[in-house]
There are 2 protein chains.
Amino acid sequence: MTTGAADETDHQRIAAVLAARGEDACHVREVLDRIGDKWSIAVVHKLADSPRRFSELRRDIPGISQRMLTAALRGLERDGFVDRTVHAAVPPRVDYALTPLGRDLLDSTWPLMNWVLGHTDDIRAARREYDAR
Amino acid sequence: MTTGAADETDHQRIAAVLAARGEDACHVREVLDRIGDKWSIAVVHKLADSPRRFSELRRDIPGISQRMLTAALRGLERDGFVDRTVHAAVPPRVDYALTPLGRDLLDSTWPLMNWVLGHTDDIRAARREYDAR
DNA sequence: CTGGATCCCACTTGATACTG
DNA sequence: CAGTATCAAGTGGGATCCAG
């Protein structure tokens, strides 16, 4: 994809930005601390196409408990990634939708997503080889 | 960066790829399970410029314990992201370097990295507003 | 210098029961 | 339907001591 030289450039450019801010390069942790938990990413991806109701999400994300779904949604809402809309009705109805910021975050996960798609086999092979030793 | 229409396209393209594989969209978790722990990303970024010794990494990553550094390096080695080279010498010397696969992974984290850089303020603002309610 | 082995705590997650 | 409250269980990670 890119040459070693190009990689170097990218990295050093980012390192320079970080240095200028007086921050450490391990800044990615900030995202991971935020969306690196077990379910947040799944929720964000489920909201990619359209807003969803609580029970829709619960149904569409296999294995999630309502407790964890609530926690994930609250966290995403707090960080400004998700909008929560309560419809005054009986039975109650709540819709969750991605904010522009949330959609932006989703965009930025795609390269990583794509990468996994393209390299899962490589990783599995590396693991098999390592474990066989 | 991209329009809403483009986002839709991207997402649906990826969703199609995933569907064709019979896999779930929450596939990003595979990466996060791998490098989403507290230190792996930091290690990968420290190895960006050049190979490093164990003690160099330990010194350059503030707060990491040798136990966690070992664990992170083992995991990265197992997945084929890092190469471990033992130099027969006294005192012992071990170098760690990114493999092509590891460098590729590093590349794919940059968009996310960049995104955090550009939106930390937005997120902090969103949090303050949420917490103030 | 580069780790391996243990102990232990804190936090995350899951299961279950209950409510507006 | 959309949560909250509580409790049990599992796990990640730090501290410490030891070894090649």
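Hydrogens, waters and symmetry mates play no part in the numbers below; they use all other heavy atoms, side chains included. Residue numbering restarts at 1 for every chain, and letters A, B, ... go by the order of the sequence lines. A quick note: this is a predicted structure, and the numbers were derived from the prediction, not measured.
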field: Whole-Å gap separating P (C:dT2) and CD (B:E77)
entry: 15 Å
Enumerate, atom names and distances included, each donor-acceptor pair closer than 3.5 Å involving a side-chain atom of residues 81-90 of chain A, sequence neighbours excluded.
{"unit_1": "A:R84", "atom_1": "NE", "unit_2": "A:Y96", "atom_2": "OH", "d": "3.2"}
{"unit_1": "A:H87", "atom_1": "NE2", "unit_2": "A:D95", "atom_2": "OD2", "d": "2.8"}

- prompt: Is the shortest heavy-atom distance from the side chain of A:L57 to the side chain of A:I64 under 4.5 Å?
  reply: no
Axis bend over the full length of the helix from C:dC1-D:dG20 to C:dG20-D:dC1, computed from five pairs that close each end, to 10 degrees: 50°
Nucleotide interval of DNA chain D bounded by contacts with chain B (heavy-atom cut-off, under 4.0 Å): D:dG13 to D:dG20
- request: Check whether NZ of the Lys or CZ of the Arg B:R133 lies under 6.0 Å from the centre of the six-membered ring of B:Y130 and within 45 degrees of that ring's axis.
  value: yes
- line: To the nearest angstrom, the CZ-P distance between B:R52 and C:dT2 comes to 14 Å
Distance, rounded to the nearest Å, where A:M68 contributes CE and C:dT16 contributes C1': 14 Å
message: Treating primed atoms plus P, OP1 and OP2 as sugar-phosphate and everything else as base, which nucleotides of nucleotides 3-11 of chain C get B, S or - for protein heavy atoms under 4.0 Å?
response: BB-B-----
task: Sequence neighbours left out, what passes side-chain contact (heavy atoms from CB on, under 4.5 Å) with B:S65? Give chain and number order.
output: B:R67, B:M68
query: A:I64 has an atom CD1; how far is it from atom P of C:dT16, in whole Å?
result: 17 Å
field: Residues in side-chain hydrogen bond (donor to acceptor under 3.5 Å, both in side chains) contact with B:T99, at least two apart in sequence or another chain
entry: none
Set of residues satisfying side-chain contact (heavy atoms from CB on, under 4.5 Å) with respect to B:S108, sequence neighbours excluded: A:L112, A:W115, B:L105
- prompt: With a 4.5 Å heavy-atom cut-off, do A:I35 and A:V44 have their side chains touching?
  reply: no
query: Just by distance, do the side chain of A:S40 and the backbone of A:D37 share a donor-acceptor pair under 3.5 Å?
result: no
- request: For B:R53, check side-chain hydrogen bond (donor to acceptor under 3.5 Å, both in side chains) against everything at least two apart and list the hits.
  value: none
task: List for me each residue that meets side-chain contact (heavy atoms from CB on, under 4.5 Å) alongside B:Q66, sequence neighbours excluded, and say none if there are none.
output: B:F54, B:R58
task: Grab the CZ-C1' distance between B:R93 and C:dC1 for me, whole Å please.
output: 11 Å
query: Between B:S55 and A:G36, which is nearer to the 5' end of DNA chain C once each is assigned its nearest nucleotide?
result: B:S55
statement: Hits for salt bridge (Lys or Arg N to Asp or Glu O under 4.0 Å) against A:D79, two or more places apart or cross-chain, chain-then-number order -> B:R127
